[in-house]
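So that the names make sense, note that chain A is the first sequence line, chain B the second, and so on, each numbered from 1.
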Amino acid sequence: MKCTNPNCNFDIDGVCIEGKENGECTHLESSSEVRLITPDSISLDEDIDDDSITNEEVKKKIHGQLPLSIAEVQERVRSRKGKFIAFVGPVGVGKTTLISSIYDAFNKTHELPVLFGGSDTLYAFESLCHLARIPSRASKVETPRTSSSEGVQFYHLAVKNEQNLRQDLFLSDRAGESYEEVSGDISLGNDLIELSNADLVLFLADSEKLSVNSSRHTTRLQTNTLIKSMVEAVPELKLSRCCLLLTKFDLVLGTEAEQLCRDEAERIIKHVSEKTSCHIDILTIAARPATPEFEKLYGFNSLVSLMSVAERISKKTEPRNYHTERSFQNMELIYG
Amino acid sequence: MDNIPNTGKILFCGLPSSGKTTFLGALSYLTDNDEVEKDFELIGLPEQRLFFQKLSKDWVGCSQMQRTSVASSDKIAMHLQRGDKKIYLEMPNLSGETWQRLWTEHEIDKSLLLELEKTPHIALFIHIDTIVVPMSLDDQLDISGINPTAYSSAPWDPSSHTPTQVIIVDLLRKISGYISSENNKKKLAIVLSAWDTLGKKTVPSKFIENEMPLLHQYLSCKFDFDIVKIFGVSAQGGDISTPEGVDSLLEKNNPSERIKIISDEGEHSDLTKILSWLLDA
């Protein structure tokens, strides 16, 4: 049996996310009835390999159903320069929600500082947005959780920036558990390819948790540890523009908790700068405000502008010593 | 005076029930009857003309146009003339499902692929009365002030739950990669069908800007199509779902005058102007 709620892993761990006993939950269906509603790039990547011919000889499979794998991104940036934006944070901080909200903002408004010019991952974006839309008949806004088994995956946005130039943005999404694992064992950092190439790294922290005494110290410690570990595990990250992004800011803005939240954020970047000599900016955002009265798209203009202008510091590379004089092998080393 | 080719092909694409066949019906009747001023004159039909005649008859009689089957290989073909220039024009009638499958299944018929590779001219149809908008749960709360009721959540259905503008952008991106281009410029005509059902006064380009912001931005960027023109078209001319509506349409002495085309420049009844715009280099 599988659960139709994409947040529930009943088929894997046998635990109902709503706490119901087996058989009581109405969301359970036999496996054959369950439809694929979340991207599952790893297992299906091979099946949708670019332009492969399907069983039916008369049809041709075309790409676009899933987020992009790193190989697919690399293929694209060979022909056109891309910009990499990494979203880093613990489980539940809202990384995937933010990615889907950025896309959804283009669906509803012209007011962002860049224009939407296309996407190779529209289908994947749409599947993320479903549980926030009326046709889902969901009782509250949700985003499917990214599983750690999915590794890193990329969402694509082609935009025209304020200088009327095309930019291809690749937004990386990885399960929060994976970043927490690297925090505990930085030797795992080699796998974080999205950080070693990032133009902009957004470290997400929950504003509400930073603003109440019961959780602010642990959240600050957790965020400090996460950022420091990432910088240590991926030294190239110092070449990226870094930003501490305070999510769910609608819950503190204009309240007494706001100043406390801002103070804690300042403490984080001061601490991290001292320990890593990494400069970090602060931005605030409310991807999906809890109340309808709250300003729509709060923080989006600043974030999208930053995504557009942030650029990785180009590093002068030392001539590389190759193991062999043979040209073809050297090309393989260069282009991987 | 003319810089159009001797032969041409225009692909009419759009989701199911987007108005492609009605447009072809109106075009068949219009070209064959001299009731309004036209850019192109019909100078002949090929031997196989049954489909042309059927569409023309259904349209002028205000009959419901038959849905195009998925396996349809029907096409309209005609010899047209503008000034001294003659052109043989083909317009295949492909089903909406054929186009929708590009979104839902991410696969393309090889026969369609061949058509695209030979076609630099695309007319995209959007029925303005059936546009699915991206309404979020927050919007529902905004509008009604009522929190959404907890039902068993419905799994995502890509064909019915996706906003129309998203499917259209995806469709255009995919076909732009396959179509041939003249002078390295890709041209696109967007036909907003059932324009007469729109209650408010606006022009087609403003309609797209206001109602379909994602599509508007996509077209403005011109990453895939260099030249785009948007037409509001009322091909049937009115409501044929009621006997009164049909009667009022049949009252007109010149059925071609039922047709209304609205662009940012003004209003007329000549559908061939859309073909003309597409075919001009």
Atom pair CG (B:Leu214) and CG (A:Asp104), whose distance is rounded to the nearest 0.5 Å
9.5 Å
Within this structure, what is the CG-CH2 distance for the pair A:Leu128 and B:Trp156, rounded to the nearest 0.5 Å?
9.5 Å
So does A:Ser119 get a backbone contact from the side chain of B:Arg173, meaning a donor-acceptor N/O pair under 3.5 Å?
yes
Using modelled atom types and a 3.5 Å cut-off, is there a donor and acceptor pairing between side-chain atoms of A:Lys61 and backbone atoms of B:Ile108?
no
So which of B:Glu209, B:Gln217, B:His106 has the largest heavy-atom pair count under 4.5 angstrom toward chain A?
B:His106
Pick whichever of B:Met212, B:Lys222, B:Gln165 has the most heavy-atom pairs under 4.5 Å with chain A.
B:Gln165
Does any heavy atom of chain A fall under 4.5 Å from the side chain of [X], the backbone, both, or neither of them?
X	value
B:Lys174	side chain
B:Leu113	side chain
B:Ser160	neither

Chi angles and distances behind the side chain to side chain contact (heavy atoms under 4.5 Å, CB included) call for B:His216, A:His110
CA-CA 9 Å; B:His216 174 72; A:His110 300 282; 3.2 Å; yes
Got a salt bridge between B:Asp109 and A:Lys60, using NZ or NE/NH1/NH2 to carboxylate O under 4.0 Å?
no
Tell me whether the count of non-hydrogen atoms from other residues, nucleotides or ligands lying under 6.0 Å of CD in B:Gln100 goes above 12.
yes
More than 12 heavy atoms of other residues, nucleotides or ligands under 6.0 Å from CD of A:Glu111: yes or no?
no
What closest approach, in Å, do [X] and [Y] show between heavy atoms, and which atom pair accounts for it?
X	Y	value
B:Thr104	A:Tyr123	O-OH, 3.9 Å
A:Leu115	B:Cys221	CB-SG, 3.6 Å
A:Glu126	B:Val166	OE2-CG2, 3.4 Å
B:Phe223	A:Val159	CZ-O, 3.6 Å

Kindly assign one of parallel, tilted or perpendicular to the pair B:Tyr218 and A:Phe116, based on the angle between their ring planes and the thresholds 30° and 60°.
tilted
Determine whether B:Glu105 and A:Gln65 make a side-chain contact, defined as any pair of heavy atoms from C-beta on separated by less than 4.5 Å.
no
Contact part of A:Asp120 toward chain B, heavy-atom cut-off under 4.5 Å: side chain, backbone, both or neither?
both
